[in-house]
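Working notes, structure below.
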There are 2 protein chains.
Amino acid sequence: MGESMAAVTAPTGKAESILAAAQRTFLASGFGAVSMDAIAREAGASKATLYAYFSSKEELFGAVVAREGERYFRDFSAGELDPREVKASLLEIARRFLALVLSPDAIAVNRITIAEAVRFPQLGEVFWRAGPERTRAQIEGFLNRATEAGTLDIADARGAAEQFIALLRGDIHPRQLLRLDKPADAMELDAAATSAVDTFLRAFGK
Amino acid sequence: MGESMAAVTAPTGKAESILAAAQRTFLASGFGAVSMDAIAREAGASKATLYAYFSSKEELFGAVVAREGERYFRDFSAGELDPREVKASLLEIARRFLALVLSPDAIAVNRITIAEAVRFPQLGEVFWRAGPERTRAQIEGFLNRATEAGTLDIADARGAAEQFIALLRGDIHPRQLLRLDKPADAMELDAAATSAVDTFLRAFGK
DNA sequence: GTCTATACAGTGATAGAC
DNA sequence: GTCTATCACTGTATAGAC
């Protein structure tokens, strides 16, 4: 780990195909159930080559999580939304957030990060900063602008952002982590967004 | 699995000490990182004895999760709380819920259940029914009584219960799952309860 | 850098004595 | 029922040829 956990920028050629193969297999089956043999096969390389790029299975795993964490949350933004149209803007934020957080890949990364939190304590930090931390900051920014615009009544924007996110997760997110439901379709996703925004506005709207 | 996943009732003697040892080791390190040798050592028994009681590592693991899931949530109740004192009662529910859900052992079971959801799909169901399902039913019952008593304004009690739980989890619960914070102390727990109840009452109080 | 082949440790599971 | 000893196997990791 350590060294290449920072190597989020995509390497080229063989290293890239190894990372891609590792990503597919790890996300599908977790850490323990995957062997370096399997990854080598999937990558069309030999095990020795894997070890030429990543000095251990743990390091390869760390590199995958860091990369995926970045990739999925990089694009989340709420900067251009109009704070005067609170309800519409919150709904848009809600949909973007849920589409991101409930996507099968994001769920898989989240699941594995939780699973290996004991073995790799730093992994949780990497994931949190790349994901939840970033989305919260974006939402907090919007709430501040809405408060200034006079469309919301919020004293603690950071806390309110956390609560909005909590409402959005609802029980869909935990249930997805446990694999109790198949991936949410657009309709369920919309229903969850609407219900969360309604309650949030009942609490903080004017 | 299958067979003895229903055997929640505590066996006696050796079987009990094996289950207890398996619980300690699995909760501490997860499924993949624990060997049957380690459990046998911890139980003060031989591996052969383990296999006399549980026909595979998977079955032993399933028995542990079912037992722990039951154990932690069995006592959760909101039946005796006064719906006319909404705020005080909700605060009490909140404290009980958080004390339960954020306890290190419950977190550990939750974490492992998520971790192994891919390998053991039934495990998530067992956990959900023993835990979240039960707490939600209790809270939903209280919200219904409060609505009848006229102290809350709720149309969909089930949905509101889910949202209350979501607010309670906040970001403490996900952060605990990722091992980002040390176990929450009484003060943090109280702050989380208060903040969730405040927002919930802003949305559904009168 | 990349391969094949292999060393070596550790795993889940079982046979057989008591 | 419980133990010791051992099985067959798979895992990570490396050596050496090209």
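Throughout, protein chains are lettered first and strands after them, A, B, ... in sequence-line order, and every chain is numbered starting at 1. Remember, predicted model here, so these are calculated numbers, not experimental data.
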Without decimals, in angstroms, what is the distance between [X] [atom1] and [N] [atom2]?
{"X": "A:Tyr51", "N": "C:dA7", "atom1": "OH", "atom2": "C1'", "value": "13 Å"}
{"X": "B:Leu50", "N": "C:dG12", "atom1": "CG", "atom2": "P", "value": "10 Å"}
{"X": "A:Phe54", "N": "D:dT12", "atom1": "CZ", "atom2": "P", "value": "15 Å"}
{"X": "A:Lys14", "N": "C:dG1", "atom1": "NZ", "atom2": "P", "value": "12 Å"}

Plane angle bin for B:Phe120 and B:Phe61 - parallel if under 30°, tilted between 30 and 60°, otherwise perpendicular: tilted
Between the first and last five pairs of the helix from C:dG1-D:dC18 to C:dC18-D:dG1, the angle of the axes, rounded to 10 degrees: 10°
Position toward the 5' end of DNA chain C (nearest nucleotide), B:Ala48 or A:Thr49: A:Thr49
Heavy-atom pair with the smallest gap, counting every atom of A:Gln138 and A:Gly79: OE1-N, 3.9 Å
Closest contact, heavy atoms only, B:Phe31 versus B:Lys57: O-NZ, 3.0 Å
A:Tyr53 side-chain N/O to C:dT2 phosphate OP1/OP2 under 4.0 Å: yes
Nucleic acid contacts - residues 21-47 of chain B versus DNA chain D, non-hydrogen atoms under 4.0 Å: B:Gly44, B:Ala45, B:Ser46
Side-chain atoms of residues 38-45 of chain A: list all donor-acceptor pairs with protein atoms under 3.5 Å, sequence neighbours left out, distances to 0.1 Å.
unit_1	atom_1	unit_2	atom_2	d
A:Glu42	OE2	A:Arg24	NE	2.7
A:Glu42	OE2	A:Arg24	NH2	3.2

